[in-house]
Amino acid sequence: MKITLNRINDDYLFECTNSLGNKILLDNSSQSEGTKGVSPMETILMAVAGCSGIDMVSILKKQRQEITNFSAEVTGERIEVDEAKPFKTILVKFFVEGEIDPKKAERAAALSFEKYCSVSKTMEPNVMVNYEVFVNGEKVGV
């Protein structure tokens, strides 16, 4: 796996490209005026959502669950460590709609974070990643 990063303006705007030519823009979000990309820390939250989202959809499709809508909201709590501000905790809220067995949706999320999601596994044990699952508007589990 390889990406390239190129600075594309006189400030902090970078274009990242993967080996297939897909691109994202990174920028310094502390410069709120005129930013054109997401911050590197936001990309971590996006990666957690994307990785676990792919897992959940894959698992639910294999179980023949009919997903009509799937989304997630991810928040991260940061702490100060020397000059850096890494994540301490991340909370992922999944919103699944359709003909979905709530127990299967909850199990799919558990499998993702316990076994399959490489992004959240990469952050262990330094970052606690928690999740909540909502099926057709109702919170599942505890």
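Note that this is a predicted model, so its numbers are computed, not measured.
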Main-chain N/O of [Y] paired with [X] side-chain donor or acceptor, under 3.5 Å:
X	Y	answer
Asn18	Leu20	yes
Gln63	Leu60	no
Ser52	Val48	yes
Arg7	Asp10	yes
Asp27	Lys36	yes

- Message: Is the ring pair Tyr131/Phe113 parallel, tilted or perpendicular, if the boundaries are 30 and 60 degrees?
- Response: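 Plane angle under 30°, so parallel.
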- Can we say Lys103 and Glu106 salt-bridge, meaning some charged N sits less than 4.0 Å from an Asp/Glu carboxylate O?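 Salt bridge: no.
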- Query: Would the number of heavy atoms belonging to other residues, nucleotides or ligands and lying under 6.0 Å from CE of Met41 be above 12?
  - Reply: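 Correct, the count exceeds 12.
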- Could you give the distance from CE (Met123) to OG (Ser120), rounded to the nearest 0.5 Å?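 The OG atom of Ser120 is 6.0 Å from CE of Met123, to the nearest 0.5 Å.
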- Point-to-point distance, once rounded to the nearest 0.5 Å, from OG1 of Thr35 to CG of Asn28: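 Going from the OG1 atom of Thr35 to the CG atom of Asn28 covers 8.5 Å.
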- Task: Give a yes-or-no answer on whether the side chains of Ser112 and Asp55 include a donor-acceptor pair shorter than 3.5 Å.
- Result: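 There is such a pair (donor and acceptor under 3.5 Å, judged by atom type) between the side chains of Ser112 and Asp55.
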- Query: Transitive ILVMFWY cluster of Leu13 at side-chain heavy atoms under 4.5 Å: who else is in it?
  - Reply: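 In the cluster with Leu13 are Ile8, Leu25.
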- Query: Given a cutoff of under 4.5 Å between side-chain heavy atoms of I, L, V, M, F, W and Y, with clusters grown through shared members, what are the other residues clustered with Tyr116?
  - Reply: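 Via sub-4.5 Å side-chain contacts, Tyr116 links to Ile59, Leu111.
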- Keeping to residues at least two apart or across chains, list the side-chain hydrogen bond (donor to acceptor under 3.5 Å, both in side chains) pairs with something in residues 71-88.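 Sorted pair list: Glu77-Thr89.
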Would you say that [X] contacts [Y] through its side chain, given a criterion of any heavy-atom pair below 4.5 Å between the two side chains?
X	Y	value
Thr4	Asn6	yes
Phe95	Phe70	no
Thr17	Ile3	no

- Task: Report the residue from Val74, Asn130, Leu45, Val133 that forms a side chain to side chain contact (heavy atoms under 4.5 Å, CB included) with Val92.
- Result: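 The option that passes is Val74.
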- Query: After noting the C-alpha distance and the side-chain angles of Gln65 and Glu99, does the key distance pass the side chain to side chain contact (heavy atoms under 4.5 Å, CB included) rule?
  - Reply: CA-CA 6 Å; Gln65 301 297 291; Glu99 294 294 320; over 6 Å; no
